[in-house]
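Report on the following structure.
What you are looking at is a predicted structure, and each value in this text was computed from that prediction instead of being measured. Counting convention: from 1, in listed order, for ligands and their atoms alike.
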Amino acid sequence: MKVVYADNNATTMVAPEVIEAMLPYFTEHYGNPSSMHSFGGQVAKKIEVARQQVADILGADPSEIVFTSCGTESDNAAIWGILRANPHKRHMVTSRVEHPAVYNLCKYLAQSGYHVTELGVDSNGMLNLNELADAVREDTAIVSIMYANNETGVIFPIEEIGAIVKQKGSILHTDAVQAVGKIPLDLSKSTIDLLTLSGHKLHAPKGVGALFVRKGITFSPFIIGGHQEKNRRGGTENVPSIIGLGKACELAKKFMSEETTRVKQLRDKLEDEILKKAPDPRVNGHRTQRLPNTTNMSFEFVEGEAILLLLNEKGICASSGSACTSGSLEPSHVLRAMGVPFTAVHGSVRLSLSRYNTMEDVDYIIEHLPPIIRRLREISPYGRETKVKEQTARASARI
Ligand code: PLP
């Protein structure tokens with residue numbers, strides 16, 4: 001069956017060049033990078049090449065890159081690392097739309113005696129920076145605000161956020177898992193102190209990530225063990241995946257400007273056509289301050305799961321912010337924080353593209369998604385009810 005993969009914010013295909021770069025590190029170069037012999041030493045050297053490649057896409061110094069096992073670990077390492085290094089500071093600030101890697105950690109911290117201020121967002125998914133300025137206190141150890149939202153693609157003005165955080169004397173961590181590889185970043189001229197990225201969102205494998213820790217930031221390791229990563233993360237390195245992550249960063253940097261424009265054109269066509277062709281659509285999230293590859297749309301009075309199942313029958317892979325998807329019983333906390341009406345939260349679909357998507361893919365989704373929505377509205381009791389109300393209203397207007 002034809003497969004159109006439009007769920008790239010969930011995970012991406014590993015680039016063939018990345019697999020090729022990784023393979024020798026499973027077979028002939030299997031040494032431990034910490035070993036004294038040159039068999040391990042050559043692997044250690046290759047890890048340094050990968051560190052440089054990751055640093056290059058961020059505009060960072062290689063010494064500021066710590067390899068981890070995933071985005072979730074990097075987020076935990078950043079927040080715990082700063083809290084542990086500053087035990088006298090018991091307050092932190094975050095937003096209500098963070099990924100669970102930060103959101104649920106902050107809930108846990110709040111239950112464990114830390115003070116956590118959660119900043120709300122407006123209907124476009126944007127923060128109020130005055131609220132942020134009021135929230136940062138003398139005892140604020142860390143502010144953790146994401147770079148770009150995984151569900152809506154909304155991009156926060158991270159440098160403005162950083163300027164406020166710096167002025168107040170605190171530390172800024174940003175979860176940039178959805179931003180790295182999709183939009184240009186330059187940490188050499190930035191207010192960001194710590195930044196999270198994850199391999200599998202940029203065509204590297206699952207199970208590898210990195211944390212940028214700016215020089216001079218005091219940070220306690222999250223995983224305590226051996227001396228790997230200059231004592232910042234214990235554990236023998238996942239060598240093939242680290243090499244894959246380096247290659248993926250090199251490729252993303254190379255393709256960035258060309259592919260960002262092309263993917264944005266695909267996303268815009270997809271969104272515009274679905275807005276025209278499907279009944280009662282809405283786009284969730286700021287229309288311009290947004291990742292070029294993501295659209296989050298809602299269709300009133302239909303269930304997101306039903307849309308996904310019918311898309312799946314056509315071979316189209318997408319995600320939903322409605323209940324029960326991704327094993328959660330709760331509808332999307334991001335869409336709820338934005339005040340998206342309940343009926344629309346339940347009928348939300350996220351389509352996220354990558355450099356491997358084509359215009360043919362987009363045309364295929366445009367062909368199949370609107371009829372699916374119409375079909376579901378026909379059988380939805382709410383949809384029928386609204387239709388009857390609309391017909392009655394039109395009839396009375398004619399009288
Ligand atoms: N942060 C964001 C914004 C994400 O989208 C994700 C994954 O979806 C993560 C963190 C977690 O990354 P990982 O799956 O590598 O743990």
Side-chain angles (χ1 to χ4, degrees), residues 5-14 18 54 58 65-81 94-108 121 125 127 142 144-156 158 161 172-183 185 192 194-212 222-223 233 235 238 241-242 244-245 248-249 252 284-285 289-296 317-321 325-328 332-335 337-338 348 350-354:
Y5 189 75
D7 201 13
N8 288 278
N9 287 10
T11 198
T12 57
M13 181 184 105
V14 180
V18 167
V54 175
L58 300 176
I65 306 300
V66 179
F67 288 115
T68 65
S69 70
C70 60
T72 302
E73 185 193 320
S74 297
D75 284 339
N76 273 261
I79 295 172
W80 277 118
T94 188
S95 87
R96 271 195 204 130
V97 296
E98 298 296 313
H99 183 273
V102 169
Y103 188 77
N104 287 339
L105 171 60
C106 291
K107 294 252 173 292
Y108 173 83
V121 292
L127 289 171
I142 184 166
S144 182
I145 304 274
M146 71 201 316
Y147 206 117
N149 190 274
N150 45 300
E151 293 191 29
T152 58
V154 168
I155 300 174
F156 283 147
I158 205 72
I161 292 170
L172 176 64
H173 163 247
T174 188
D175 175 340
V177 162
Q178 295 293 344
V180 177
K182 292 181 186 141
I183 51 173
L185 269 78
I192 296 167
L194 299 109
L195 176 143
T196 290
L197 66 92
S198 171
H200 72 109
K201 311 291 176 166
L202 69 146
H203 306 291
K206 295 160 190 65
V208 65
L211 179 65
F212 159 85
F222 177 58
I223 296 192
R233 200 269 186 186
N238 177 356
S241 294
I242 288 174
L245 175 58
C249 287
N284 299 313
Q289 299 302 307
R290 205 167 34 140
L291 292 172
N293 77 319
T294 308
T295 177
N296 187 310
C317 310
S319 277
S320 164
T325 52
S326 45
S328 158
S332 155
H333 69 283
V334 174
L335 300 186
M338 289 163 61
S348 71
R350 177 189 71 188
L351 295 158
S352 49
L353 307 176
S354 82

Would you please write out the protein residues whose heavy atoms approach any atom of ligand 1 to under 4.0 angstrom, listed by chain and number?
Cys70, Gly71, Thr72, Asp75, His99, Met146, Asn150, Asp175, Val177, Gln178, Ser198, His200, Lys201
Passing option when Asn9 is tested against Lys201, Glu151, Lys182 for side chain to side chain donor-acceptor pair (under 3.5 Å)
Lys182
Residue pair Ala318 / Asp7: nearest heavy atoms and the distance that separates them
O-OD2, 3.7 Å
For Thr174 and Tyr147, indicate whether the former's side chain and the latter's backbone hold a donor-acceptor pair under 3.5 Å.
yes
Checking Val97, Ile145, Ile79, Thr72 against Val102 for side-chain contact (heavy atoms from CB on, under 4.5 Å), the one that qualifies is Ile79
Side chain proximity check, Ile223 to Glu73, heavy atoms < 4.5 angstrom
yes
What closest approach, in Å, do Thr12 and Lys206 show between heavy atoms, and which atom pair accounts for it?
O-NZ, 4.4 Å
